[in-house]
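Heavy-atom basis, side chains included; hydrogens, waters and symmetry copies ignored. Everything numeric in this text was worked out from a predicted model, so none of it was measured.
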Amino acid sequence: MHKLPNANWKELLLLLLRKRKRFAVENYSMEPTLNAGDLVFVDTAAYRFATPQEGDIVVAHHPHKQKLRIIKRVRFLDEDNRCYLVSDNAIHPESQDSRSFGFVDLQSVVGCVTSCIRR
């Protein structure tokens, strides 16, 4: 599992320059990597010319609830360039991932999580 770096001044500057978006973690499905209350910084241009890689942590729109954004780890991409996303804490009752909702289209991926601020 890839460890997520703590946000530094460069990430904060990129946020101010609108090169990053900030999202709050709201549940426990990504523990121990991310905890409820943590803030993550997301590079929304990361997959403009590339595809997600196995192990990347991404923010994506839930495939059945488009207004809901989820933070998950990329397990793999299929031949149709759809992502299979998993939770790090799959046994948590609030955890939903591709095991329950299936593959996620690349167009639904908001971006790659680059760093975090832990609560």
Side-chain angles (χ1 to χ4, degrees):
M1 233 177 278
H2 302 264
K3 185 172 169 26
L4 198 56
N6 291 325
N8 57 28
W9 66 270
K10 289 180 186 177
E11 287 288 308
L12 294 172
L13 179 61
L14 289 169
L15 179 68
L16 291 172
L17 295 172
R18 299 178 188 231
K19 301 290 184 187
R20 296 285 188 270
K21 285 194 176 183
R22 185 187 69 203
F23 293 94
V25 178
E26 295 182 0
N27 69 28
Y28 303 95
S29 69
M30 286 300 290
E31 283 186 340
T33 308
L34 295 167
N35 299 307
D38 289 351
L39 296 176
V40 295
F41 291 82
V42 177
D43 181 354
T44 58
Y47 303 125
R48 191 170 291 155
F49 301 108
T51 55
Q53 299 298 304
E54 181 180 336
D56 286 358
I57 299 174
V58 300
V59 172
H61 292 280
H62 190 288
H64 304 300
K65 304 171 190 171
Q66 282 298 305
K67 291 185 179 185
L68 177 65
R69 287 176 286 210
I70 55 176
I71 301 173
K72 302 294 174 194
R73 188 177 300 276
V74 176
R75 175 63 55 89
F76 64 88
L77 266 66
D78 72 357
E79 62 277 353
D80 296 323
N81 273 337
R82 295 179 303 165
C83 295
Y84 191 85
L85 303 177
V86 294
S87 303
D88 284 357
N89 186 8
I91 62 170
H92 193 276
E94 293 179 16
S95 182
Q96 287 189 8
D97 58 22
S98 286
R99 291 173 274 221
S100 60
F101 54 67
F103 285 88
V104 174
D105 292 327
L106 279 182
Q107 298 90 334
S108 294
V109 176
V110 175
C112 181
V113 176
T114 58
S115 63
C116 69
I117 296 175
R118 307 206 186 276
R119 63 174 168 99

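In the hydrophobic clustering of ILVMFWY residues, with side-chain heavy atoms under 4.5 Å counting as a link, Val42 and Tyr47 come out apart. A continuous path of ILVMFWY side-chain contacts below 4.5 Å connects Leu15 to Leu39, so both sit in one hydrophobic cluster. Under the 4.5 Å side-chain contact rule for hydrophobic residues, Val86 and Phe76 share a cluster.
The line from CZ of Phe103 to SG of Cys83 is 9.5 Å long, rounded to the nearest 0.5 Å. Note that the CD atom of Glu31 and the CG atom of Asp88 stand 10.0 Å from one another [nearest 0.5 Å]. Distance check: Leu4 CG to Leu34 CG gives 5.5 Å after rounding to the nearest 0.5 Å. The distance from atom OG of Ser87 to atom CD1 of Ile71, rounded to the nearest 0.5 Å, is 10.5 Å. Here the straight-line distance linking atom OG1 of Thr114 with atom CZ of Phe41 works out to 7.5 Å at 0.5 Å rounding. Atom CD of Gln96 and atom CG of Leu85 lie 12.5 Å apart (nearest 0.5 Å).
When side chains are defined from C-beta on, Arg73 counts as touching Thr33, because their heavy atoms get closer than 4.5 Å. At a threshold of 4.5 Å between non-hydrogen side-chain atoms, the residues Met30 and Asn89 do not count as touching. Side-chain atoms of Val59 and Ile70, non-hydrogen and from C-beta on, never get closer than 4.5 Å to each other.
The 12-atom threshold is not exceeded at CZ of Arg75, counting heavy atoms of other residues, nucleotides or ligands nearer than 6.0 Å. Counting heavy atoms of neighbouring residues, nucleotides and ligands inside a 6.0 Å radius, atom CZ of Phe23 exceeds 12 of them. For Arg22, the CZ atom is loosely surrounded, since the number of other residues' heavy atoms within 6.0 Å does not exceed 12. Other residues, nucleotides and ligands contribute at most 12 non-hydrogen atoms within 6.0 Å of the CD1 atom of Ile91.
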(message) Test side-chain contact (heavy atoms from CB on, under 4.5 Å) on Asn6 and Cys116; report intermediate values, then the result.
(response) CA-CA 5 Å; Asn6 291 325; Cys116 69; 4.3 Å; yes
(request) Evaluate the side-chain contact (heavy atoms from CB on, under 4.5 Å) criterion for residues Val110 and His61: first the C-alpha distance (whole Å), next the side-chain angles of each, then the deciding distance (0.1 Å), finally the verdict. (result) CA-CA 7 Å; Val110 175; His61 292 280; 3.7 Å; yes
(request) Evaluate the salt bridge (Lys or Arg N to Asp or Glu O under 4.0 Å) criterion for residues Glu11 and Arg20: first the C-alpha distance (whole Å), next the side-chain angles of each, then the deciding distance (0.1 Å), finally the verdict. (result) CA-CA 7 Å; Glu11 287 288 308; Arg20 296 285 188 270; 3.1 Å; yes
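Asp56 contributes no side-chain N or O that, together with a main-chain N or O of Val58, makes up a donor-acceptor pair within less than 3.5 Å. In this structure, the side chain of Asp105 does not engage the main chain of Arg82 through any donor-acceptor pair within 3.5 Å. Asn35 contributes no side-chain N or O that, together with a main-chain N or O of Asp38, makes up a donor-acceptor pair within less than 3.5 Å. A donor-acceptor contact shorter than 3.5 Å is absent between the side chain of Glu26 and the backbone of Ala24.
For the residue pair Asp97 / Tyr84, no side-chain donor-acceptor distance below 3.5 Å is found, with atom types taken as modelled. Side-chain atoms of Lys72 and Ser29 form a donor-acceptor pair, as typed in the model, at a separation below 3.5 Å.
Contact between Leu77 and Val74 at its shortest, heavy atoms only, is CD1-CG1, 3.8 Å.
Scanning for ring pair (Phe, Tyr, Trp, His ring centres under 6.0 Å) contacts around Phe101 gives His62, with sequence neighbours left out.
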